[in-house]
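Protein chains get the first letters and strands the later ones, always in sequence-line order, with residue 1 at the start of each.
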There are 2 protein chains.
Amino acid sequence: MGAGRGRPRAFDRDAALERAMRVFWERGYEAASLAELTGAMGIRPPSLYAAFGSKEQLFREAVELYGRTEGGVTARALREESTAREAIGAALRGNACAYTEPGSPRGCMVVLSATTCAPEHETVRTLLCDDRRAMERSLRDRIDRGVAEGDVPADTDTRSLAAFYATVLFGLSVQARDGATRDDLLAVAHAAMASWDTLVPHPSVR
Amino acid sequence: MGAGRGRPRAFDRDAALERAMRVFWERGYEAASLAELTGAMGIRPPSLYAAFGSKEQLFREAVELYGRTEGGVTARALREESTAREAIGAALRGNACAYTEPGSPRGCMVVLSATTCAPEHETVRTLLCDDRRAMERSLRDRIDRGVAEGDVPADTDTRSLAAFYATVLFGLSVQARDGATRDDLLAVAHAAMASWDTLVPHPSVR
DNA sequence: CTACTTCTGTATCGATCGCTTCGTAATTAA
DNA sequence: TTAATTACGAAGCGATCGATACAGAAGTAG
């Protein structure tokens, strides 16, 4: 690492990875060809393989980067809002905005970039599936925290509630990719939050 | 058609199309290779091209067939239930069951089989996108019918409501493909219907 | 029968896939 | 300077992609 011995790398690895992430996000894993990836990254195949190992390993790093940057919207909402209801609502609204950010591919990379694939790439689909499950899990954990802190009643079905809001998030990505506007998605988020008050009885004031 | 002049076709065109539909449903458009398609259909490439024209035209026929069969669940629910609320609820529950039918690929072919693709297949993505828009439109039309028939108040935002339930349907396909059980999806459908009573004020009895 | 038409299997087409070989450039260590 | 090491660009690897050319088989028309 750092100042190795041989000829130094002539490109910025982080910048190249960010370009690759964009291509995968836009095209999906399989449809992102080496030609398009190397073109966007400004390098030739041998440099890509020397720096990242393979197309799949590059994709894994791209997903990781996506999680640390774009994926931060959800994590931040769940962490910073003071009640479970506010947290889930902020996550939905935040992603509605992120999914329609001008200049970026629409929808979530984790949801869209490998919904189906050839059998030899099942490992890639599984990677994203696990990411989606982890996202749903983080929603549930936040609702459970609400139970512990008293803003959600103890008899709430937190599992189903988390599954519901995860489902809405997944659907928002499809809507975004189909061309829905930011206001469209915010209206969907608002409609989804209407379920909360019916499903989650207001806790008695302590 | 029928008994033409030359050598008669040695395979059942409808049966072969049904096999092809299954492959596209499972793998998606791009990941379904000619080798896998012809293997499942029990024919060789020249027969496929003579009968269907191209991979894309075969896919278009497969999507059409899917709409006439699997897609009928939604259409029937919207047509046969007597109120908009019951219709939307039945559509959600019906698809929750259809998406987890043993022996069939999970989730909806229209939602999953081309979420992303190479630029040269954009026409395929557009085809499915239009199908999804038509589905959302049919939800809205059913809610509007509820307005006309008095089971939905006139000041209801039917556009946003339809977008919300379409979003849930899209999300259900992702959940189904990720391995969610039928009960999981039914719980999500139930949670989604909880929004109805908050968003759609009960109409005054006429 | 012969002539014509259409379908089927074999064997392949050119293009593109992800990936690698190879010769050379650019750097550090001695 | 010399040796060792690493990255680069050009070219091309075998495999697979969707799609076809071709010849023979199987039917109808006369």
Side-chain angles (χ1 to χ4, degrees), chain A residues 1-17 19-20 23-24 27-62 113-114 116-125 127, chain B residues 1-17 19-20 23-24 27-62 113-114 116-125 127:
Chain A
M1 306 251 181
R5 265 203 300 217
R7 175 175 173 174
R9 179 179 290 138
F11 65 95
D12 183 334
R13 192 184 190 277
D14 293 336
L17 177 58
R19 303 282 190 86
V23 174
F24 281 128
R27 298 256 177 265
Y29 175 74
E30 287 182 327
S33 69
L34 260 293
E36 189 171 6
L37 285 166
T38 54
M41 298 165 85
I43 61 176
R44 257 53 56 189
S47 299
L48 188 154
Y49 280 82
F52 299 100
S54 68
K55 183 185 176 186
E56 178 168 340
Q57 284 184 271
L58 173 63
F59 181 72
R60 296 182 108 89
E61 283 203 46
S113 62
T116 58
C117 67
E120 63 264 31
H121 299 136
E122 188 60 29
T123 55
V124 166
R125 217 193 62 80
L127 167 76
Chain B
M1 304 262 181
R5 264 203 300 217
R7 175 175 175 174
R9 181 179 290 136
F11 64 95
D12 183 334
R13 192 184 190 277
D14 293 336
L17 177 58
R19 304 284 190 88
V23 174
F24 281 129
R27 299 255 176 264
Y29 175 73
E30 287 182 327
S33 68
L34 261 293
E36 188 171 7
L37 286 166
T38 55
M41 298 164 84
I43 59 177
R44 257 54 55 190
S47 299
L48 188 155
Y49 280 83
F52 299 99
S54 69
K55 183 186 176 184
E56 177 168 341
Q57 284 183 271
L58 174 63
F59 182 73
R60 295 181 110 90
E61 285 203 44
S113 63
T116 58
C117 67
E120 62 265 31
H121 299 135
E122 188 61 28
T123 56
V124 167
R125 216 192 62 79
L127 166 76

How long is the line joining [atom1] of [X] and [atom2] of [N], in whole Å?
| X | N | atom1 | atom2 | result |
| --- | --- | --- | --- | --- |
| Phe11(B) | dA26(D) | CZ | P | 17 Å |
| Leu48(A) | dT6(D) | CG | P | 19 Å |
| Leu37(A) | dC17(C) | CG | C1' | 12 Å |
| Arg13(A) | dC8(D) | CZ | C1' | 17 Å |
| Arg7(A) | dA29(C) | CZ | P | 18 Å |

- Query: Can you name the nearest heavy-atom pair linking Ala20(A) to Met41(A), along with the distance?
  - Reply: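 Residues Ala20(A) and Met41(A), closest heavy atoms: CB-SD, 3.9 Å.
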May I ask you to test the [X]-[Y] pair for a side-chain heavy-atom distance under 4.5 Å?
| X | Y | result |
| --- | --- | --- |
| Leu17(A) | Phe52(A) | yes |
| Leu34(A) | Tyr49(A) | yes |
| Thr123(A) | Glu56(A) | yes |
| Glu36(B) | Ser33(B) | yes |

- Message: What contact category does Phe52(B) fall into here, base, sugar-phosphate, or nothing, at under 4.0 angstrom with non-hydrogen atoms?
- Response: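 It contacts nothing in the nucleic acid.
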- So what does Ala10(B) hit on the nucleic acid, given a heavy-atom distance under 4.0 Å: a base, only sugar-phosphate, or nothing?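 Here Ala10(B) touches the backbone only, sparing every base.
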- Task: Tell me whether the OP1 or OP2 atom of dC8(D) has a side-chain N or O from Ser47(A) closer than 4.0 Å.
- Result: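 Yes, Ser47(A) has a side-chain N/O under 4.0 Å of OP1/OP2 on dC8(D).
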- Message: Below the 4.0 Å mark, does dG9(C) have OP1 or OP2 next to a side-chain nitrogen or oxygen of Arg44(B)?
- Response: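 True: Arg44(B) side-chain N/O within range (under 4.0 Å) of dG9(C) OP1/OP2.
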- Give a yes or no answer on whether the side chain of Arg27(B) reaches the backbone of Thr116(A) with a donor-acceptor pair at less than 3.5 Å.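 Not at all, since once roles are kept as given, no pair shorter than 3.5 Å links the two residues.
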- Message: Donor-acceptor check, side chain of Arg19(A) to backbone of Ala40(A), threshold 3.5 angstrom: yes or no?
- Response: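 Confirmed, Arg19(A) side chain pairs with Ala40(A) backbone.
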- Cationic tip of Arg9(B) within the cone over Phe11(B)'s six-membered ring, i.e. under 6.0 Å and within 45° of the normal?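 Yes - Arg9(B) lies over the ring of Phe11(B), closer than 6.0 Å to its centre and within 45° of its axis.
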What N/O pairs connect the protein and nucleotides 13-20 of chain D at under 3.5 Å? Give each pair on its own line.
{"unit_1": "dG18(D)", "atom_1": "OP1", "unit_2": "Ala32(B)", "atom_2": "O", "d": "3.4"}
{"unit_1": "dG18(D)", "atom_1": "OP1", "unit_2": "Lys55(B)", "atom_2": "NZ", "d": "2.7"}
{"unit_1": "dG18(D)", "atom_1": "OP2", "unit_2": "Leu34(B)", "atom_2": "N", "d": "2.8"}
{"unit_1": "dA19(D)", "atom_1": "OP2", "unit_2": "Tyr49(B)", "atom_2": "OH", "d": "2.3"}
{"unit_1": "dA19(D)", "atom_1": "OP2", "unit_2": "Lys55(B)", "atom_2": "N", "d": "3.1"}
{"unit_1": "dA19(D)", "atom_1": "O5'", "unit_2": "Tyr49(B)", "atom_2": "OH", "d": "2.9"}

- Task: Five pairs at each end of the helix from dC1(C)-dG30(D) to dA30(C)-dT1(D): take the axis at both ends and give me the angle between them to 10°.
- Result: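 Terminal axis comparison yields 10°.
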- Proximity to the side chain of Arg5(A) - top-ranked nucleotide from dA26(D), dT5(D), dT28(D):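 Nearest nucleotide to the side chain: dT5(D).
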- Carboxylate-amine/guanidinium contact Glu30(A) Lys55(A), below 4.0 Å: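 No salt bridge links Glu30(A) with Lys55(A).
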